[in-house]
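This chain uses plain numbering: 1 for the first residue, then up along the sequence.
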Amino acid sequence: MKRILALLCTLMMLTACHNASQDPVIKGYHLQQVGGLGLSANGVTADLVLDLDVENPSNATYTLESLHADVFRGAETGRFAEVTLPQSASIAPKSNATVAIPLQVLLLRPLALLSGGEDMLDLAQYVADVDLTVRKGSLKKRIQKERVPLSQLKDLFSNLKVTETE
């Protein structure tokens with residue numbers, strides 16, 4: 001499940017920041033830290049830090065200001081997980097660096113992971129309702145998409161241009 005959530009967040013960050021050859025390019029990612037595991041009335045919570053290896057050749061700072069994603073399994077109507085960004089994350093201009101993206105994850109049906117077998121790790125089985133805001137310098141773009149297959153997040157956002165304030 002960690003890999004699914006890490007890939008979801010990586011794809012969202014990648015697609016939110018990519019609009020031209022001078023925009024940031026995510027070269028890779030890895031899960032740096034999992035902590036803050038706990039039980040809540042709604043499910044199992046965890047704090048993750050996702051490290052993105054990013055090259056930003058542009059003169060602009062890109063900032064992932066907010067992220068909220070509700071993850072669903074297939075055509076099921078009940079949410080499987082919720083992913084949020086507790087604090088913004090920025091990519092410095094003219095840089096080639098690793099950017100730490102803090103995430104809070106709430107698994108709403110953690111026992112489904114144990115009982116579902118390998119099929120539960122298949123990204124093709126998941127869709128997400130995504131709401132994220134990206135800032136490029138003084139320009140800002142909010143993206144809201146529903147029931148996006150995780151495997152298609154990159155395609156949906158590949159032509160995103162952060163060119164206006166919404």
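Counting only distance, with no hydrogens or angles, the side chain of Lys145 and the backbone of Val130 share no donor-acceptor pair below 3.5 Å. Using modelled atom types, one side-chain atom of Asn56 and one backbone atom of Ala92 make a donor-acceptor pair closer than 3.5 Å. Between the side chain of Ser58 and the main chain of Ala60, a donor-acceptor pair closer than 3.5 Å is present. Judged purely by atom type and a 3.5 angstrom limit, Asp51 has no side-chain atom pairing as donor or acceptor with the backbone of Thr98.
Ala89 and Ile101 get closest at one heavy-atom pair: CB-CD1, 3.4 Å. Among all heavy-atom pairs drawn from Arg73 and Phe80, the shortest one is N-CB, 4.3 Å. Across Val83 and Val105, no two heavy atoms sit closer than the pair CG2-CG2, 4.4 Å. In terms of heavy-atom proximity, Asp47 sits nearest to Gln104 at OD1-CG, 3.4 Å. Across all their heavy atoms, Glu146 and Asp129 have their closest contact at CA-OD1, 3.3 Å. The two residues Glu82 and Asp70 have their closest heavy-atom pair at CG-OD1, 3.7 Å.
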Test log, rule side chain to side chain contact (heavy atoms under 4.5 Å, CB included), inputs Thr45 and Leu37: CA-CA 6 Å; Thr45 59; Leu37 294 172; over 6 Å; no

Chi angles and distances behind the side chain to side chain contact (heavy atoms under 4.5 Å, CB included) call for Leu48, Leu50: CA-CA 6 Å; Leu48 306 178; Leu50 183 67; 5.9 Å; no

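Under the side chain to side chain contact (heavy atoms under 4.5 Å, CB included) test applied with Leu67, the options Thr133, Thr84, Leu103 reduce to a single match, Leu103. The residue from Arg135, Arg142, Lys141 that alone fulfils the side chain to side chain contact (heavy atoms under 4.5 Å, CB included) condition with Glu65 is Arg135.
Using modelled atom types, one finds no donor on one side chain facing an acceptor on the other under 3.5 Å when comparing Thr61 with Ser90.
Note: the hydrophobic cluster containing Leu52 also contains Ile91 (ILVMFWY, side chain heavy atoms under 4.5 Å, direct or indirect links). Linking ILVMFWY side-chain heavy atoms closer than 4.5 Å, directly or via other members, places Leu106 and Val49 in two distinct hydrophobic clusters.
With Phe72 as the aromatic partner, Arg79 does not meet the cation-pi criteria of under 6.0 angstrom to the ring centre and within 45 degrees of the ring axis.
In this structure, CD on Gln87 lies 13.5 Å from OG on Ser66, to the nearest 0.5 angstrom.
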